[in-house]
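Below you will find the structure I want to go over with you.
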Amino acid sequence: MPEDLRPQIPLTRDATRAFNIACEEIEGYEADDIIATLACQARDLGGRVTIISSDKDLMQLVGDGVEMLDAMKNRRIDVDGVREKFGVDPGRVVDVQALAGDSVDNIPGAPGIGIKTAALLINEFGSLEELLDRAEEITQPKRRETLIEKREQIEMSKRLVQLDCKTPLDFTLDDLEVRDPDPDMLLGFLAEMEFRTLSKRIADALGKDAPVIPEPTAQAAEDAPKAPDWPGIEPEAYTRVSDMATLDGWIATIRAQGFVAIDTETTSLNEMQADLVGISLATAPGTACYIPLGHKDGASDDLFGSDTLASGQLPMQDVLDALKPVLEDDAILKIGQNMKYDAKIFAGHGLKIAPIDDTMLMSYALHAGEHGHGMDTLSERYLSHDPIPIKSLLGSGKSAITFDRVPLDEAVKYAAEDADITLRLWHIFKPQLHRARVTTVYETLERPLVPVLARMERHGVKVDRETLRAMSGKFAQKMAGLESEIHELAGRSFNVGSPKQLGEILFDEMGLDGGKKGKTGAYATGADVLEDLATEHELPARVLDWRQLSKLKSTYTDALQDHIDPDTGRVHTSYVQTGANTGRLASTDPNLQNIPVRSEEGRRIREAFVAEPGNLLVSLDYSQIELRILAHVAQIDSLKQAFRDGQDIHAMTASEMFNVPMDEMTPEVRRQAKAINFGVIYGISGFGLARNLRIPRSEAQGFIDRYFERFPGIKDYMDETVSFAKEHGHVQTLFGRKIHTPEISAKGPRAGFARRAAINAPIQGSAADIIRRAMIRMPAAIEGLPCKMLLQVHDELIFEVAEDSIGRLIEVARDVMQGAADPAVHLEVPLVVDAGQGANWAKAH
DNA sequence: CTAGAGCGCTCG
DNA sequence: GTACGAGCGCTCTAGC
């Protein structure tokens, strides 16, 4: 192959894919067989089998791995056998299969056990050497011949795997060229991996036709609605369950096949307030039912005598008792769309639900950045079907009714359709996860987080209403004073809360300079504009003060009171797992991830977040996690070393850039360096930095140029990330989470946005993955301690802890957080977690 | 009367 | 025309 065709692009950071690559390089040899054979023979020869995986649960299987391989080779696995032999339930086995990549064949009753599980088992090299040396001694003729015949290829495979093993999977195409590749095979491989540009260049150089690689969108369409055998979605055909015998029939079917799609209908979107109204089940596409439990007779506005149950329903407790063994049976997979909601509803009735799959999260793992993950979107996109709009049942606005007032026949169609759609989506997404190599992400970063978040949300955080009420009153007073002051300065009365009116006052009536109209023709009156104006006039300064108070009062001290649950006296936020494309969570109803902290006055709102008597709040937060990740992924030695040495990273950056010795550092220089460091994470631009630092653009550009000069790896990282995005249509985190970048090759200003987002996503996303891993491991780690994990704020976890256990909690939780990247990713920088504690959140921070 | 866009502000 | 990622309250307008 010509020299210039060996670009130094990182091939992959995905364990499964990397391993497949290694195996596929060995012509005509199945990955399964290589690994299964080697694993078994290594054991025969007294070698050890090790595993490379990011999944802790899977690690537990390692000890039994070899034995499991034997069983699988002989196709002797059944559900009971698996459970008995390995203490693993089929739900777990689904994990294992999924992690391993393609399944070879499914064994009835234990969906997804495939021999490729073996693909995760890799021999330790010492024993492999010995194995190869002594291949002739192996007794089974077939294995002996195989090993001898393929020894050369195995050597190569080993070398590739070895590269794979050092630090996770960081080898280049050069590393793959350990022999003359068969051009067709190489092109086929590149096509399969969807290396568009590269495969075309290589094909050109070799005088061959470039392989046809479907565009991602076309691929998605091809993957999508291929279900000729499925009946259409016909809401009329669904069953209403109104006697226990019928319910028993459904349960029997579910038990026999080991999975069911499930959906709950309630009276509220707020799970803490919601009453269960009915449950729908789907066992096959087109086969779904609805079990009404809490539908009411009478009009919703009839205050008296309207709360009688409608006839034709089953007693709720009877149904829950019957479903309990199904919901809690770890051999039955429960499939839902946004299962956290249903899990919380069931938890309200004392029921656990596990194991689960969640189509919303599957879509997120597959398509983050491409489209939304709500059921309506997914149904339309993958099933070409518009579901019955909930509004058609409930109405909207003031006249909206709750689901318990929906007539049974209408409810059956709507509710059962949801379960049917969910099941169909599951059938579609499941194989897609493998093909896109994001099963590990789904299995280890998405699905296990559901019960963790559900628990945190149900715990809630105690908020002191009196504190908030007092603050609201104080703010109202101050605002009233400011308002009359502002009106006086303006010469007339107007709505201070209206940017439009304010702009007219400032720029038209008072004639101040600097009025710039935005897209809609209104003057911009943002804080930065008002701050500039404040030097010439008093009014804008007063407006800024008013706005701060207005924000604090309306968004925080007022609104937060409305979110205190009357039953628990606590505030129960809801985390949206698919909220941010990067893998971050979003917090809603209320958002507890943007409680003020930067201003002194705002920070006092945190005093209202308190611990129960005898407890304190403890906050643990990652220090500079995104910069640490940047240092790692961009391989900046000086930054990595600075973090290892525990240096002040912004000061160090400043010192490096401006040639200021560390002991002569000034706050101003450090501040600028800090802004640059953040800018780098955000996909720096001269314009953005200039605006942030309020310096001329040329000066900002000078800073950036000097930064890139001193840290050349950063520029390389940025360029590589962007070209990776252009090549693949996505970027990925250290843990293999993919964030799609559909507009990376767009023209015009959108290209800039897409470029910066692509640069930022692996950094922000890797940090998000790390804290997710910590959260998932946390319940087991703190078990037995009198504490609860309450909140997550991107790089921070907040606990409520009994006073006498605080030391222990900090120790344990810090360990989990600092080790959260291990063992999947070996970070070359330490993760540092700071801790604080106090009677309220202000003190804990 | 309701829904949605736009603005502005809060956080990491 | 631009720093990355979010959610929410208010105002204003379009449309039922």
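Protein chains get the first letters and strands the later ones, always in sequence-line order, with residue 1 at the start of each.
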*A/Phe678 near the nucleic acid: base, sugar-phosphate alone, or nothing, with a heavy-atom cut-off under 4.0 Å?*
nothing
Please tabulate the protein-to-nucleotide N/O contacts below 3.5 Å involving nucleotides 13-16 of chain C, giving atom names and distances.
residue: C/dT13; atom: OP1; partner: A/Lys500; partner atom: NZ; Å: 3.3

_Nearest listed nucleotide, side chain of A/Ala580, among B/dG12, C/dA6, C/dC12_ = C/dA6
*Does anything in residues 583-595 of chain A reach DNA chain B, meaning a heavy atom under 4.0 Å, and if so which residues?*
A/Arg584, A/Gln593, A/Asn594, A/Ile595
*A/Asp795 near the nucleic acid: base, sugar-phosphate alone, or nothing, with a heavy-atom cut-off under 4.0 Å?*
sugar-phosphate
*Check side-chain contact (heavy atoms from CB on, under 4.5 Å) between A/Arg691 and all other residues, then give those that pass, not counting sequence neighbours.*
A/Phe687
*Would you mind listing every ring-ring contact (aromatic ring centres under 6.0 Å, His included) that reaches into residues 517-540 of chain A, with sequence neighbours excluded?*
A/Phe507-A/Tyr523
*Classify the nucleic acid contact of A/Ile681 as base, sugar-phosphate or nothing, counting any heavy atom under 4.0 Å across all strands shown.*
nothing
*Name the nucleic acid region contacted by A/Ala527, choosing base, sugar-phosphate or nothing; use a 4.0 angstrom heavy-atom cut-off, strictly under.*
sugar-phosphate
*Of all of residues 471-479 of chain A, which get a heavy atom below 4.0 angstrom from DNA chain C, listed by number?*
none
*When you measure from every atom of DNA chain C, which of residues 750-763 of chain A have a heavy atom less than 4.0 Å away?*
A/Phe753, A/Arg756, A/Ala757, A/Asn760
_Among B/dC9, B/dC7, B/dG12, which nucleotide has an atom closest to any side-chain atom of A/His794?_
B/dG12
*Are the aromatic rings of A/Phe703 and A/Phe658 close, with centres under 6.0 Å apart?*
yes
